[in-house]
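Inspection log for the structure reproduced underneath, given as structure tokens.
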Amino acid sequence: MSVPGESSHFIMAPEIRMRELNMLKIEERNPRNAAVMMLFYPIETKMHIVLILRPNYEGVHSGQIALPGGKAETFDLNFTETALRETQEEVGVVMSSVSILKSLTRVYIPPSNFWVHPFLGFTEKRPEFVLQKEEVAKVIEVPLSELLNDTNVTSQMLSTSYATNIEVPSFSLEGYTVWGATAMMLSELKMFLNMSMEQ
């Protein structure tokens with residue numbers, strides 16, 4: 001089944017961000033590539049997805065909620081391997097334990113000049129998470145039912161890398177506000193799952 005694509009990202013993108021993206025000639029900026037993992041696994045009878053809380057540091061993604069992942073290295077065979085490798089490095093999920101189910105639509109992140117390639121993966125049991133302390137402050141385990149619940153879609157007044165005090169669409173998940181590129185990717189995942197269940 002095909003994925004929803006960029007239109008699903010726009011649901012969780014502020015208007016000012018969309019205007020900025022429309023004006024950018026992205027390829028002229030010579031963006032780097034990164035990959036992230038949307039990892040599904042069961043806890044008892046409920047399917048979950050793992051998010052991470054970035055530590056506070058001097059950088060554009062300080063203290064944000066993210067998906068496990070990171071930049072592509074020259075030794076990675078492809079972006080799938082980047083997502084698997086980074087997930088193992090950041091949260092200790094052994095690469096060989098993950099089945100890749102699907103690739104979703106890449107998202108461009110202007111502040112850090114990255115194309116981010118998301119992958120949907122699955123492990124048959126809950127991983128034993130081991131955190132890379134420099135990159136991950138906390139693992140956040142979100143029931144898929146929470147992501148699919150429309151009442152958890154909200155908006156917040158936030159100051160971002162590109163604007164001060166603007167209204168930003170977001171998810172409220174496990175007591176955390178998830179916005180930006182992570183919310184855009186989760187929006188596509190949510191739409192894809194809803195489409196899958198309708199078939």
Side-chain angles (χ1 to χ4, degrees), residues 8-14 16-17 34-41 43 46-71 82-83 86-93 98 104-112 114-121 123 126-127 129-193:
S8 60
H9 297 161
F10 300 160
I11 297 167
M12 301 303 288
I16 188 171
R17 165 103 180 236
V36 296
M37 183 68 70
M38 298 172 166
L39 184 66
F40 287 9
Y41 56 92
I43 299 179
K46 289 186 177 180
M47 198 60 69
H48 286 64
I49 184 171
V50 66
L51 301 176
I52 58 173
L53 173 64
R54 294 286 183 202
N56 291 313
Y57 64 96
E58 291 294 323
V60 292
H61 303 303
S62 171
Q64 290 185 11
I65 307 298
L67 291 153
K71 68 178 179 178
T82 301
E86 283 283 343
T87 300
Q88 179 166 315
E89 289 176 6
E90 290 194 336
V91 293
V93 180
V98 181
L104 280 83
T105 309
R106 67 182 183 173
V107 174
Y108 181 65
I109 304 182
S112 51
F114 269 104
W115 277 119
V116 178
H117 303 261
F119 292 87
L120 185 54
T123 59
R126 180 180 180 269
F129 294 112
V130 180
L131 308 192
Q132 184 183 27
K133 295 296 186 185
E134 301 81 14
E135 300 283 345
V136 182
K138 184 180 181 182
V139 157
I140 303 161
E141 299 184 89
V142 179
L144 272 190
S145 57
E146 197 171 315
L147 175 65
L148 294 172
N149 186 343
D150 289 339
T151 63
N152 290 325
V153 177
T154 179
S155 63
Q156 301 279 334
M157 296 302 291
L158 296 171
S159 293
T160 73
S161 58
Y162 49 84
T164 301
N165 207 30
I166 61 165
E167 191 168 338
V168 177
S170 58
F171 288 103
S172 179
L173 301 172
E174 291 296 291
Y176 291 91
T177 300
V178 183
W179 59 281
T182 301
M184 291 164 71
M185 289 183 276
L186 289 177
S187 178
E188 181 175 37
L189 174 63
K190 177 180 176 179
M191 192 176 290
F192 175 71
L193 292 173

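All values reported here derive from a predicted model rather than from experimental measurement.
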**Message:** Strictly below 4.0 Å, N to O, side chains only: are R54 and E90 in salt-bridge contact?
**Reply:**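 Salt bridge between R54 and E90, a charged N being under 4.0 Å from a carboxylate O: yes.
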
**Item:** From CA spacing to verdict: side-chain contact (heavy atoms from CB on, under 4.5 Å), L39, I49
**Value:** CA-CA 5 Å; L39 184 66; I49 184 171; 5.7 Å; no

State the [atom1]-[atom2] distance between [X] and [Y], to the nearest 0.5 angstrom.
| X | Y | atom1 | atom2 | answer |
| --- | --- | --- | --- | --- |
| F171 | T177 | CZ | OG1 | 12.0 Å |
| M184 | I11 | CE | CD1 | 10.5 Å |
| H48 | F40 | NE2 | CZ | 12.0 Å |
| M37 | L67 | CE | CG | 10.0 Å |
| L173 | E141 | CG | CD | 13.5 Å |

**Message:** Given 3.5 Å as the limit, does a donor-acceptor pair link the side chain of T182 with the main chain of I65, or not?
**Reply:** yes

**Prompt:** Which pair of heavy atoms, one from M38 and one from P118, lies closest together, and at what distance?
**Reply:**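 Closest approach of M38 to P118: CE-CB, 4.1 Å.
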
**Request:** Apply the side chain to side chain donor-acceptor pair (under 3.5 Å) test between T105 and each candidate in H9, E188, H117; give the one that qualifies.
**Result:** E188

**Message:** Is the shortest side-chain heavy-atom distance between E86 and E135 below 4.5 Å?
**Reply:**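 Sidechains of E135 and E86: no contact.
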
**Message:** Would V178 and M185 count as a side-chain contact (heavy atoms from CB on, under 4.5 Å) here? Give the steps.
**Reply:** CA-CA 11 Å; V178 183; M185 289 183 276; over 6 Å; no

